[in-house]
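Take a look at the structure set out below.
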Amino acid sequence: MENENRKNIVWLSEITKQDVEIAGGKGANLAELYNAKLPVPEAFIVTANAYLNFIEEAGLKEKINEILHSIDVENTMELEEKAKEIQELIVNAEMPETLKEEILEAYECLSIEKVDAESIVKSEPCFVAVRSSATTEDLATASFAGQQETFLNVKGKEIIEAIKRCWSSLFTARAIYYRQRRGFSHEKALIAVIVQKMVNADKAGVTFTANPITNNKDEVVIEAVFGLGEGIVSGKLQPDTYVIDKSNFTIKSKKIGIKEFAFKISHEGKIEKEQLDEERKKQQVLSEKEIVELVKYGIRIENHYGLAQDIEWAIQNNKIYILQARPITTLKKEISGVKIEAKELLSGLAASPGIASGTVKIVHSLDDLAKIKENDVLVTKMTNPDMVVTMQKAKAIVTDEGGLTCHAAIVSREIGLPAVVGTKNATKVLKDNQVVTVDGYNGKVYEGIVKIEAKPEALVPESVKQAFTELKEKKVSKKRPLVKVNCDLPEVAERASLTNPDGIGLVRLEFIIAKGKVHPAEYIRRNQTKAYISLLVDELEKILRFFKDKPVWIRTSDIRTDEYKNLEGAEKEPKESNPMLGWHGIRRSLDQPEILKAELTAIKSLYEKGYHNIGVMFPFLATVEELRKAKEIAKEISLPKEVKIGVMIETPASALIIEELCKEGIDFISFGTNDLTQLTLGVDRNNERLVRLYDEKHPAVIKLISDVIDVCKKYGVETSICGQAASDVEMVKILAKLGIDSVSANIDAVEKIRNALEEI
């Protein structure tokens with residue numbers, strides 16, 4: 001959304017699932033559900049932009065980054081201390097008065113009761129849930145469940161403090177550790193906050209639209225408790241668990257949990273435990289009618305997103321409310337045929353698949369976490385998100401309490417730890433230093449190291465697991481590159497967008513300049529810089545409007561002195577004996593900085609119009625000094641820091657100094673293989689006599705490309721290609737094997753390249 005990006009407050013009706021950078025993953029998904037006419041309680045969102053404004057005005061940005069970059073995340077004590085230091089900085093800082101007023105005004109609107117279409121009644125301030133919504137949360141590829149805070153039943157001016165605490169929870173020890181291990185940038189991880197009317201639930205729970213343990217996509221799994229959903233999320237209650245056939249809504253199995261109490265909201269607004277009598281403890285939470293309704297909502301939401309969903313819901317006065325939905329990130333291939341013959345010590349819920357043997361270590365409090373070593377089985381009363389850093393050292397997890405949807409169970413599935421939860425008495429039955437085997441497929445704990453009988457495909461050798469882990473850490477996964485498109489002219493932008501590319505990997509300014517009929521240098525000579533800027537803004541916007549939600553990389557001008565002779569002022573260009581190796585690209589832009597300033601100012605104007613998906617790249621670069629000077633000019637014209645900076649790798653020099661370029665600071669690179677090939681091989685690509693010698697797949701060219709990709713991965717710099725080679729099927733297959741992040745093909749080659757990559 002163009003305008004919403006700069007707002008501090010947005011309502012659910014104003015955004016969609018695409019607006020993660022505004023509302024965070026949870027907020028964007030909530031808006032999508034609301035606008036799909038699902039029964040979502042009213043809410044507004046304090047945007048990621050508001051959070052940014054807060055930390056900048058409070059002078060916290062640099063302090064936070066300084067602390068983050070000094071942390072050794074493997075040192076648990078240091079991680080905890082510095083995480084707490086950052087959180088205290090945020091909580092103790094004063095919120096800007098204008099922002100505070102905006103939030104309270106929105107809250108007042110939320111408290112207004114709509115009686116009918118024409119009348120409203122101003123009522124008492126309402127109770128709200130204040131929920132964190134990180135911009136890296138609820139992605140289809142990662143689960144950040146439980147890392148940020150939620151505050152229930154907040155009222156009046158208390159929401160200001162709750163919002164600050166949500167912001168501070170972006171920097172819990174667990175969140176910092178998780179981002180570091182998963183390769184997410186701390187600087188780019190922002191947070192929004194959802195302020196939503198509270199549902200004082202009579203019943204609450206979670207729906208999985210695919211069975212997260214067996215991976216059966218034909219089953220829906222529902223967990224339910226009496227009262228608020230806090231009973232499930234916190235792991236303090238053993239919920240009812242229902243498994244339903246998705247095709248005919250029949251209940252295939254149900255396990256009725258013993259629910260000792262329910263969380264309810266008191267008249268004073270406090271969350272209290274309501275003890276349940278013996279009959280109520282064992283009573284089934286949901287009626288069959290409610291189960292069917294929840295399954296239908298689940299299927300509707302899954303169909304809307306096209307992915308299996310993890311859905312939180314609540315029921316008040318017999319009405320179902322959808323509180324949030326996120327993709328299930330933990331589905332694995334089903335593993336069958338696992339049989340274990342041994343003495344069974346415990347049984348519980350199979351929370352995370354896998355089988356592991358190890359030494360029991362009982363954890364009664366966070367102080368006990370230090371005793372967990374490699375190959376230990378962590379046994380605790382209640383699964384706790386704060387244990388995640390230590391969990392990664394363990395072989396398996398066993399708990400007394402908790403359900404399939406407690407946060408630690410979800411994280412166990414994601415990081416691949418066998419887990420059995422809800423055993424009721426693991427901390428009493430098991431003893432420190434006892435050796436056990438945990439069966440996460442069937443929810444069992446056995447005595448000793450047991451023999452496992454399984455089909456060959458059911459087990460993965462440790463050596464293979466280790467190799468796979470190393471591959472993931474080195475980021476050399478087999479994922480296919482994104483397929484982008486080259487697009488230079490506004491007239492073909494719509495056709496380019498219809499190929500459904502993953503963005504634009506190259507926009508050349510030269511084609512737009514040709515439409516203006518005036519050489520860039522002539523604009524400067526005539527003191528018509530504004531006219532040049534206006535031309536670029538107008539024409540680039542015609543391209544960008546078809547690619548609002550996808551990255552677009554714009555190359556600054558690269559006109560050789562023997563090109564574009566019909567432009568006004570071209571007759572004043574110098575005569576060069578070898579223009580291809582002459583005064584063009586970034587070297588000319590730095591000699592005539594007013595041209596570069598104009599082009600960067602145009603990009604700045606587009607960013608200010610709401611096109612936050614643009615990046616700028618400098619062509620024909622050969623030295624670090626050229627990059628440094630170009631960045632200084634960008635800073636001089638106040639190009640927003642959020643605009644990504646990249647360089648073209650077209651000269652062998654740029655390929656050979658790639659590490660120095662990465663250290664100087666770039667976000668991406670794009671190979672210009674036309675020039676890179678001719679300069680590496682010493683072959684004029686325009687000389688018909690030498691065509692037979694021009695080969696982009698020459699070992700020397702491939703080695704340069706491979707080395708650049710390896711170094712860029714080390715520094716987290718995105719890699720792409722936009723030269724003619726990006727439209728060559730065989731070349732693209734080579735690049736994919738080298739681990740390139742994206743290829744940007746010509747419009748007519750996008751589908752061909754996409755199909756070729758599908759075959760890999």
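Between K597 and E594 there is a salt bridge, since a side-chain N of the basic residue sits under 4.0 Å from a carboxylate O of the acidic one. The existence of a salt bridge linking E625 and R628 is confirmed by a sub-4.0 Å separation between a basic side-chain nitrogen and an acidic carboxylate oxygen. E491 has a carboxylate O that lies under 4.0 Å from a charged side-chain N of K515, or vice versa, which qualifies the two as a salt bridge. Using a cut-off of 4.0 Å between Lys/Arg side-chain N and Asp/Glu carboxylate O, K714 and D710 are scored as not salt-bridged.
The backbone N or O of K7 sits less than 3.5 Å from a side-chain atom of T47, completing a donor-acceptor pair. Using modelled atom types, no side-chain atom of T561 and backbone atom of E576 make a donor-acceptor pair closer than 3.5 Å. T651 contributes a side-chain N or O that, together with a main-chain N or O of S654, makes up a donor-acceptor pair within less than 3.5 Å. Here the side chain of K604 pairs a donor or acceptor atom with the backbone of I637 at under 3.5 angstrom. Between the side chain of K629 and the backbone N or O of V624 there is no donor-acceptor pair closer than 3.5 Å. N486 places a side-chain N or O within 3.5 Å of a backbone atom of C722 that can act as its donor or acceptor partner. The backbone N or O of R508 lies less than 3.5 Å from a partner atom in the side chain of D488, making a donor-acceptor pair. With hydrogens and angles ignored, the 3.5 Å screen pairs a side-chain donor or acceptor of E626 with a backbone N or O of T623. S605 contributes a side-chain N or O that, together with a main-chain N or O of T601, makes up a donor-acceptor pair within less than 3.5 Å. Between the side chain of K565 and the main chain of A570, no donor-acceptor pair closer than 3.5 Å is present.
Using a 4.5 Å heavy-atom cutoff, the side chains of L68 and F171 are in contact. The closest side-chain heavy-atom distance from V750 to I753 is not below 4.5 Å. Contact annotation: the side chain of W583 approaches that of D591 to within less than 4.5 Å [non-hydrogen atoms, C-beta and beyond]. Contact check for R526 versus V518: side-chain heavy atoms found under the 4.5 Å cut-off. Residues R754 and V732 form no side-chain contact, since every pair of their non-hydrogen atoms from C-beta on lies 4.5 Å or further apart. Within the 4.5 Å cutoff, no side-chain heavy atoms of R587 are placed close to those of L590. L170 has its side chain within reach of Y51: a pair of non-hydrogen atoms, C-beta onward, lies under 4.5 Å apart. In this structure, E563 and E510 have side chains that are not in contact, with every pair of non-hydrogen atoms separated by 4.5 Å or more.
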Mind running side chain to side chain contact (heavy atoms under 4.5 Å, CB included) on D684 and Q678 for me, showing each step along the way? CA-CA 6 Å; D684 180 354; Q678 74 167 349; 4.1 Å; yes
Dump the intermediate steps for side chain to side chain contact (heavy atoms under 4.5 Å, CB included) on L661 and L621, then the final yes or no. CA-CA 10 Å; L661 294 173; L621 184 138; 3.7 Å; yes
side-chain hydrogen bond (donor to acceptor under 3.5 Å, both in side chains) for E62 and N65? Distances and angles first, verdict last. CA-CA 5 Å; E62 296 305 321; N65 287 338; 4.9 Å; no
Salt bridge (charged side-chain N to carboxylate O under 4.0 Å, His left out) between E632 and K635, worked out: CA-CA 5 Å; E632 285 172 1; K635 188 175 181 180; over 6 Å; no
K572 and E522: salt bridge (charged side-chain N to carboxylate O under 4.0 Å, His left out), yes or no, with the steps? CA-CA 9 Å; K572 299 172 185 174; E522 187 65 13; 3.4 Å; yes
Using the salt bridge (charged side-chain N to carboxylate O under 4.0 Å, His left out) rule, take K663 and E660 through it: C-alpha gap first, then chi angles, then the decisive distance, then the call. CA-CA 5 Å; K663 288 178 179 177; E660 287 73 22; 5.6 Å; no
May I have the step-by-step check of side chain to side chain contact (heavy atoms under 4.5 Å, CB included) for V643 and I603, ending in yes or no? CA-CA 9 Å; V643 175; I603 290 170; 4.1 Å; yes
Could you go step by step and tell me if K697 and D728 meet the salt bridge (charged side-chain N to carboxylate O under 4.0 Å, His left out) rule? CA-CA 10 Å; K697 295 186 269 300; D728 181 309; 3.3 Å; yes
Side chain to side chain contact (heavy atoms under 4.5 Å, CB included) for M648 and I669? Distances and angles first, verdict last. CA-CA 6 Å; M648 296 287 296; I669 64 96; over 6 Å; no
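Atom CG of L627 is separated from atom CD1 of I666 by 7.0 Å, given to the nearest 0.5 angstrom. Rounded to the nearest 0.5 angstrom, K713 NZ and D741 CG are separated by 4.5 Å. Distance check, rounded to the nearest 0.5 Å: CD1 of I721 to OG1 of T673 gives 4.0 Å. Remark: T680 OG1 to I705 CD1 distance equals 8.5 Å, nearest 0.5 Å. If you take OG on S742 and CG on L482, they are separated by 6.0 Å, rounding to the nearest 0.5 Å. The distance from the CD1 atom of I513 to the NE2 atom of H519 is 7.5 Å, given to the nearest 0.5 Å.
T719 and G739 make their closest contact through OG1-O, 4.3 Å (heavy atoms, listed as atom of the first residue, atom of the second, distance). Nearest heavy-atom pair across S133 and G25 is OG-N, 3.6 Å. The two residues P501 and F547 make their nearest non-hydrogen contact at CG-CE2, 3.6 Å. I543 and V507 make their closest contact through CD1-CG1, 4.2 Å (heavy atoms, listed as atom of the first residue, atom of the second, distance). Between P619 and T556 the shortest heavy-atom distance is CD-OG1, 3.1 Å. Nearest heavy-atom pair across K733 and A756 is CE-O, 4.0 Å.
With sequence neighbours excluded, the residues forming a ring-ring contact (aromatic ring centres under 6.0 Å, His included) with F620 are H584, listed by chain and number. Under the rule for a side-chain hydrogen bond (donor to acceptor under 3.5 Å, both in side chains), E696 has no partner lying at least two apart in sequence or in another chain. With sequence neighbours excluded, no residue satisfies ring-ring contact (aromatic ring centres under 6.0 Å, His included) with F618.
Judged purely by distance below 3.5 Å, without hydrogens or angles, the side chains of N613 and K644 never pair a donor atom with an acceptor atom. In the model, N29 has no side-chain atom that pairs as donor or acceptor with a side-chain atom of E32 under 3.5 Å. In this structure, a donor-acceptor pair under 3.5 Å is present between the side chains of E599 and S557.
Aromatic ring orientation, Y523 versus Y532: parallel (interplanar angle below 30°, classes split at 30° and 60°).
At most 12 heavy atoms of other shown residues, nucleotides or ligands fall within 6.0 angstrom of atom CD in E66.
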